[in-house]
K.L.:
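I'd like to ask some things about the structure below.
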Amino acid sequence: MPLDYSKPLRVRFAPSPTGMLHVGGARTALFNYLLARKTGGVFVLRIEDTDESRNRVESEAAIYEDLRWLGIRWDEGPDIGGAFAPYRQSERGPIYAEAAQRLLASGAAYKCYCTSEELEADRHEQKARGIHATRYSGRCRNLTAAERAAFESAGRAYSINFAVNPGTTVVDDLIKGRVAFDHDTIGDFVVVKSTGGPLYNFTAAVDDAMMEISLVLRGDEHLDNTPRQMMLQGALGLHRPMYAHVGLILNEDKSKLSKRHNTVGTDQFRKQGVLSTALINHLALLGWSPGSDREAFTLDDLVHDFTLERVGKSGSIFNETRLRAFNQRELQALPRAEYVAMLTRAMQVAGLMEAEPPPAAQRWVETFIDAYGEEIHTIADAIPLVEKLRNEGVVVPALELERLRNREVLFFLDAISQYVDSLSELRDLPLSKTIPAIADEFRIKKKDAFQAVRMALMGDLHGPPLPLLFPLLGHDRIMMRIGQINSHVLHGRGLEPIKYGPGGEPFQTIQPTPPPAPATDKGSA
RNA sequence: GGCGCCAUAGUCUAUCGGUUAGGACGUUGCCCUUUCAAGGCGAAGAGACGGGUUCGACUCCCGUUGGCGCUACCA
């Protein structure tokens, strides 16, 4: 039966602060958030920091930062409180202690005095006997009063274990459907460590119930944990939320996303300058589909269109290339001013622009976007391009240098540099006419001319239109880069830096070179 | 090993028994362009396998295979 969206849902996202928020977590948070907004419900952020050894203090802040960046806001959480505070499990000790006592008192749980060595030995022994279903033997479950007293007086530490009784627990999962678990396949499990620290299944079960979560939506890695949590809630007489387990987001090799494998961290994309709108859009389409060919969705669109019924069961691989394609689309859709501001900021961060860019610098950025804007998939792509434009010199591949060792080409380039030198403004040059005209003087083909200029200026045969490239480089760099070619080539030939006239006859003077009178439309520039 | 989940192109997905199996990313051809990118128009590319059920299965059932998850005093 479909979920009733007319009733407000209380949902939660419960990360453990053991690393950055990876994209799988981000999607889980997103789906929960969408459901809360859609139903006018509440989105709870709970921090599951019960594993002292793995917690990292900075992780919690990092998770906040990533969620905020994504535009996912929570209504209750550690930092803002709420009716069911505290929201950090490390601060909920008394609540778990009380629940554990009730479990003990009712006989639903018992104390286990086994040491970890004994447990380990048990497992070995079971394996040796060919039993691969290595579960807790339950040896402490039926301790006699005398045995128990002996352990107690010996001061042995104990864990609190939940006693799993025969039976079946059925999870009516909103995504996976009805899944039945035979208790025979679930061994007694520890709920409180011998150190007194509560464990995941216990805290999650208690908190989901006590925080009155109505729907638990999480990764399907937790599907097998669900019967344990439901048994716990049953034994404690607590209410049970509905459950929905969504297929995992996987690495390229189909393995589970882990926080240790540095890739696919939400922060990584944020720092690359990926737009949160693009990530949200991409994440939403991993596991959810609108049922139509539409694929551009804002967060608000998703609040409106998202339903659990259209969430798929299978896992999916996170495809970064597709994210970049989405991001490029978002970048193109951005108002120009915003794009300029974003790029300016990125350049400032990279130390490529001063904090208070003068108007000329702003204009430069605008020209840059005209030139390269549409090929940029993420803002980070722009930085190496900017650096290449800003560098004093340029590296021309040896092979290409060889092609430039041609007196006509050299002279042509020199003519270009003189042409540029004669101009006071490099914007809006009619280069598509000027360059062929000058090239014609030296009997160079149009295509070769453009390529020679491109190669001399950028060390590359490809790039944006020259009329945009010229103002981007500016007078000095153009002069320098073409001059560099001349000296490189000549040096390579062991020649003096002399220059050639149109007919091939060497000029006598090194400097100044007489302008070879570019044939046409110099005046229009 | 046991238990559970999953299974349409390289990837994300649509299809809810009858379709030329649709879309997107990627790949690729052409157009545009001095070039590249972008854009436009095309192309190639999929129901893991085997049994059923049915007039008819990608779709329902069973099995096999494969992938993943759980099986921790991690979450």
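Letters go in sequence order (proteins before strands), and every chain restarts at 1. No experiment lies behind these values; they were computed from the predicted model shown.
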K.L.:
May I ask you to check if R329(A) and F326(A) form a cation-pi contact, with NZ or CZ under 6.0 angstrom from the six-membered ring centre and within 45° of the axis?
P.N.:
yes

K.L.:
Please report the closest heavy-atom contact between N281(A) and A296(A), naming both atoms and the distance.
P.N.:
OD1-CA, 3.4 Å

K.L.:
Whether R27(A) engages the ring of F31(A) as a cation-pi pair (distance to the six-membered ring centre under 6.0 angstrom, angle to the ring normal within 45°) should be assessed.
P.N.:
yes

K.L.:
Return no unless some side-chain N or O of K313(A) is found under 4.0 Å from OP1 or OP2 of C6(B).
P.N.:
yes

K.L.:
Closest heavy-atom contact between Q268(A) and V264(A)?
P.N.:
OE1-N, 3.1 Å

K.L.:
Given C3(B), C5(B), U11(B), which nucleotide is nearest the side-chain atoms of V179(A)?
P.N.:
C5(B)

K.L.:
State, yes or no, whether a side-chain contact exists between V191(A) and N161(A) at a heavy-atom distance under 4.5 Å.
P.N.:
no

K.L.:
Do E309(A) and L3(A) have side-chain heavy atoms sitting under 4.5 Å apart?
P.N.:
yes

K.L.:
Heavy atoms only, 4.0 Å cut-off, all strands: where does R310(A) land among base, sugar-phosphate and nothing?
P.N.:
sugar-phosphate

K.L.:
Which nucleotide sits closest to the side chain of D293(A): A24(B), G22(B), G26(B)?
P.N.:
G22(B)

K.L.:
Among Y64(A), Y87(A), F13(A), find the one that has a ring pair (Phe, Tyr, Trp, His ring centres under 6.0 Å) with W74(A).
P.N.:
Y64(A)

K.L.:
Both distances below 3.5 Å, Watson-Crick or wobble geometry, any strand: find the nucleotide opposite G26(B).
P.N.:
none

K.L.:
Check this one for me: any side-chain N or O of S316(A) less than 4.0 Å away from OP1 or OP2 of U13(B)?
P.N.:
yes

K.L.:
If we take the C1' atom in both G51(B) and G45(B), what is their distance in whole Å?
P.N.:
29 Å

K.L.:
Validate the cation-pi geometry between R310(A) and F306(A): distance from NZ or CZ to the six-membered ring centre under 6.0 Å, angle to the ring axis within 45°.
P.N.:
no

K.L.:
What's G219(A) touching, base or sugar-phosphate or nothing? Going by heavy atoms closer than 4.0 Å.
P.N.:
nothing

K.L.:
By nearest heavy atom, map Q89(A) and G312(A) onto RNA chain B; which one lands nearer the 5' end?
P.N.:
G312(A)

K.L.:
If you take any heavy atom closer than 4.0 Å to RNA chain B, which residues from residues 222-229 of chain A end up in contact?
P.N.:
H222(A), L223(A), D224(A), N225(A), R228(A)

K.L.:
So, OP1 or OP2 of A75(B): does either fall under 4.0 Å of a side-chain N or O from T50(A)?
P.N.:
yes

K.L.:
Both distances under 3.5 Å, Watson-Crick or G-U wobble: report the partner of C70(B), or none.
P.N.:
G2(B)

K.L.:
Considering heavy-atom distances to RNA chain B, does S289(A) or D220(A) have its closest nucleotide positioned more toward the 5' end?
P.N.:
D220(A)

K.L.:
Could you work out which one of C5(B), C25(B), G69(B) sits closest to the side chain of K176(A)?
P.N.:
C5(B)

K.L.:
Restricting to non-hydrogen atoms, name the atom on D207(A) and the atom on R46(A) that form the minimum distance, rounded to 0.1 Å.
P.N.:
CB-NH1, 3.3 Å

K.L.:
Classify every nucleotide of nucleotides 30-38 of chain B by which part a protein heavy atom approaches to under 4.0 Å, writing B for the base, S for the sugar-phosphate alone and - for neither, in 5'-to-3' order.
P.N.:
----BBBBS

K.L.:
What about S194(A), does its side chain sit under 3.5 Å from the base of C73(B) through a donor-acceptor pair?
P.N.:
yes

